[in-house]
Amino acid sequence: MGLTLQHRGVVERVETGKVFVRVEKESACQACHAKGLCGESGSVRIIEVRTDHAASYQAGERVVVGLMRGGMAASSVVWGYVVPLVVLLVTLLVLHGVGVADGPTALITIGAVILYYVVLYVMRHHFEKRIQFTIIKE
């Protein structure tokens, strides 16, 4: 099975069971008008790859990191963007429908989205187990 989302990078450092890979944005990312929205705001990022074979990698080695299944990337988009939008809209419509004034409705709606992201942050370890990168030597 091929990688559905992949990036070339250089091993930054190796720890027990983890390889940290420095990935530079590709030219397609630089030209994208929505690059700030997808979380790719810098030109370089470090990806943590958990692997039992971490000891076989060395700093400076060129590798390819990626996701094996497209569902993991789609899941990230759903949990990061779609669900918070639904939380925002449902909260807004329910509060407006009940007759709450516009000011408190706006504040409560924003609070609901913030609360959602706090819960998502607390549950990050659950998602880290499901969304994992794989690493391949070039």
Side-chain angles (χ1 to χ4, degrees):
M1 178 185 293
L3 298 172
T4 59
L5 178 65
Q6 61 184 357
H7 296 283
R8 286 187 164 74
V10 177
V11 174
E12 185 79 14
R13 68 183 192 278
V14 178
E15 295 178 4
T16 305
K18 298 177 189 175
V19 178
F20 294 87
V21 180
R22 184 180 68 244
V23 175
E24 302 213 13
K25 279 194 194 174
E26 310 223 353
S27 60
C29 294
Q30 297 296 337
C32 179
H33 68 282
K35 65 184 172 188
L37 297 175
C38 73
E40 295 293 320
S41 56
S43 62
V44 175
R45 70 177 176 160
I46 304 295
I47 297 175
E48 177 184 324
V49 182
R50 295 175 190 265
T51 177
D52 295 333
H53 307 289
S56 66
Y57 294 93
Q58 298 176 5
E61 189 173 13
R62 297 197 54 78
V63 295
V64 175
V65 294
L67 296 172
M68 291 299 287
R69 297 181 311 189
M72 288 189 272
S75 174
S76 298
V77 171
V78 168
W79 287 107
Y81 297 105
V82 176
V83 173
L85 177 64
V86 170
V87 167
L88 184 137
L89 291 175
V90 167
T91 305
L92 180 68
L93 293 174
V94 166
L95 291 173
H96 187 68
V98 171
V100 178
D102 289 346
T105 296
L107 291 175
I108 293 169
T109 300
I110 291 169
V113 174
I114 290 171
L115 178 63
Y116 169 77
Y117 278 116
V118 167
V119 169
L120 194 64
Y121 178 78
V122 169
M123 295 182 59
R124 71 187 179 279
H125 299 296
H126 169 73
F127 289 103
E128 285 175 355
K129 292 176 186 172
R130 294 181 59 202
I131 300 173
Q132 293 184 354
F133 285 94
T134 187
I135 187 168
I136 303 168
K137 292 185 181 190
E138 267 191 349

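Residues: numbered from 1 along the sequence shown.
Using a 4.5 Å cut-off between side-chain heavy atoms of Ile, Leu, Val, Met, Phe, Trp and Tyr, Phe20 falls into a hydrophobic cluster with Ile46.
Qualifying side-chain hydrogen bond (donor to acceptor under 3.5 Å, both in side chains) partners for Gln58, counting only residues two or more places apart in sequence or in other chains: none. With sequence neighbours excluded, the residues that form a side-chain contact (heavy atoms from CB on, under 4.5 Å) with Ile110 are Ile114. Under the salt bridge (charged side-chain N to carboxylate O under 4.0 Å, His left out) criterion, Glu48 pairs with Lys18, Arg50, sequence neighbours left out. Under the rule for a side-chain contact (heavy atoms from CB on, under 4.5 Å), the partners of Ile135 that lie at least two apart in sequence or sit in another chain are Val19, Val21, Val49, Thr51, Tyr57, Val63, Val65. When the side-chain contact (heavy atoms from CB on, under 4.5 Å) test is applied to Ile108, the partners found at least two apart in sequence or on another chain are Thr91, Leu95.
Applying the salt bridge (charged side-chain N to carboxylate O under 4.0 Å, His left out) test to residues at least two apart or on different chains, the pairs with a partner in residues 55-65 are Glu61-Lys137, Arg62-Glu138. Sorted by first and then second residue, the side chain to side chain donor-acceptor pair (under 3.5 Å) pairs involving residues 114-125 (not counting sequence neighbours) are His125-Glu128.
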Would you give me the side-chain donor-acceptor pairs under 3.5 Å for residues 99-107, sequence neighbours excluded?
{"from": "Thr105", "atom 1": "OG1", "to": "Val100", "atom 2": "O", "distance (Å)": "3.3"}
{"from": "Thr105", "atom 1": "OG1", "to": "Ala101", "atom 2": "O", "distance (Å)": "2.7"}

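There is a path of hydrophobic side-chain contacts, each under 4.5 Å, that joins Leu120 to Leu85. A single hydrophobic cluster is seen to contain both Trp79 and Val119, as judged by linkage of ILVMFWY side chains at heavy-atom distances under 4.5 Å, directly or through other members. A continuous path of ILVMFWY side-chain contacts below 4.5 Å connects Val83 to Leu89, so both sit in one hydrophobic cluster.
For the residue pair Arg8 and Val23, the shortest heavy atom distance occurs at O-CG1, 3.8 Å.
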